[in-house]
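A quick write-up on the structure given underneath.
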Amino acid sequence: DWTFLPSLVGVTVMIAMIMLGSLAVSREREGGTWETLQSLPLSTAEVMAGKLLPGTVLGLVQAVFVLAIALFAFAVPTHGSIAALIALAPLFAATHLVIGYAISSGAKTQLAALQGAVAFYLPAMLLSGFLYPFETLPRWAQAIGNGFPLSHFIRAAHGATLKGNSALEVLAHGLPM
């Protein structure tokens, strides 16, 4: 199904980045290395940025890989700006890493962090237009769904592949992220 495959790019990146981010701080804390990181002559922001950059690159590679499979193996049409969608992928990945870091920072254990990650991405999948057409959701569910970055990435992916949106229209979906 062509509407499903472009959306799958966002879902795979979201799940991977939320899981990666949610384990980042809690694993360091449980392993006792977070205190070592804090003793370095770096600010907390610099340490977190050091964790964010490799994950963002990983998310971009994953997005390009899944998109390539959708385009070449399943012949999803490309009527819009694929380059803009690829340019949006690092922002999307970084957004979910940061959400994962927030979950991880509040969790006492890795198990709690994983549960928090699942508690985030399940509603995101249900309310983003991935499993059900967004327009068919009740208004209250659409209002909640618009709070998830996945909803905006799915619209961008559909615009870049199926709808023929320009680069500016595709990139505009990154503003809410």
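Closest approach of Gly59 and Val13 over heavy atoms only: O-CG2, 3.7 Å. Residues Leu71 and Val76 come closest through the heavy atom pair CD2-O, 3.5 Å. The heavy-atom pair separating His173 from Pro176 by the smallest distance is O-CD, 3.3 Å. Of all heavy-atom pairs between Leu52 and Tyr101, the closest is N-OH, 3.5 Å. Of all the heavy atoms in Pro6 and Ala157, the pair that sits closest is O-CB, 3.5 Å. Considering every non-hydrogen atom in both Ser104 and Ser26, the closest pair reads OG-N, 2.6 Å.
Between Ile18 atom CD1 and Leu23 atom CG the span is 11.0 Å, to the nearest 0.5 Å. We find the CD1-CG distance between Ile144 and Leu137 to be 10.0 Å, quoted to the nearest 0.5 Å. Rounded to the nearest 0.5 Å, atoms CG (Leu162) and NE2 (His79) are 7.0 Å apart. Here the straight-line distance linking atom OG1 of Thr12 with atom CG of Leu67 works out to 10.0 Å at 0.5 Å rounding. Atom CZ of Arg29 and atom CD of Gln110 lie 10.5 Å apart (nearest 0.5 Å). Note that the CZ atom of Phe92 and the CE atom of Met14 stand 6.5 Å from one another [nearest 0.5 Å].
In this structure, Val9 is a member of the same hydrophobic cluster as Leu131, with clusters built from ILVMFWY side-chain heavy atoms closer than 4.5 Å. In this structure, Leu122 is a member of the same hydrophobic cluster as Phe130, with clusters built from ILVMFWY side-chain heavy atoms closer than 4.5 Å. Residue Leu111 is not grouped with residue Tyr121 when hydrophobic side chains (ILVMFWY) are merged at heavy-atom distances under 4.5 angstrom, including chains of intermediate members. By the rule that hydrophobic residues join a cluster once side-chain heavy atoms approach within less than 4.5 Å of another member, Val57 and Phe153 end up as members of separate clusters. Linking ILVMFWY side-chain heavy atoms closer than 4.5 Å, directly or via other members, places Met48 and Leu53 in two distinct hydrophobic clusters.
Under a 3.5 Å cut-off, the side chain of His158 and the backbone N or O of Lys163 do not form any donor-acceptor pair. No donor-acceptor distance shorter than 3.5 angstrom exists from the side chain of Glu169 to the backbone of Gly159, with no hydrogens or angles considered. No donor-acceptor pair closer than 3.5 Å links the side chain of His96 to the backbone N or O of Ile15. Panel note: side chain Thr56, backbone Pro90; no donor-acceptor pair is recorded below 3.5 Å.
In this structure Glu28 satisfies the side chain to side chain donor-acceptor pair (under 3.5 Å) test together with Thr33, Lys51, sequence neighbours excluded. Looking at residues two or more places apart in sequence or on another chain, you find a side-chain contact (heavy atoms from CB on, under 4.5 Å) between Ile69 and Phe65, Ala73, Phe74. By the side-chain contact (heavy atoms from CB on, under 4.5 Å) test, Ile103 is found to be paired with Ser22, Ile99, Phe120, residues two or more places apart in sequence or in another chain being considered.
Residue Leu40 qualifies as enclosed at atom CG: its count of foreign heavy atoms under 6.0 Å is above 12.
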Next on the checklist: Is there a side-chain contact (heavy atoms from CB on, under 4.5 Å) between Leu60 and Ile86? Walk through the geometry before answering.
Outcome noted: CA-CA 7 Å; Leu60 172 62; Ile86 292 170; 4.0 Å; yes
Checklist entry - Which is it for Met17 and Val98 under the side-chain contact (heavy atoms from CB on, under 4.5 Å) test, yes or no, and what are the steps along the way? => result CA-CA 9 Å; Met17 296 301 106; Val98 169; over 6 Å; no
Checklist entry - Yes or no on side-chain contact (heavy atoms from CB on, under 4.5 Å) for Phe134 and Asn146, after CA distance, side-chain angles and deciding distance? => result CA-CA 10 Å; Phe134 191 79; Asn146 278 324; 3.6 Å; yes
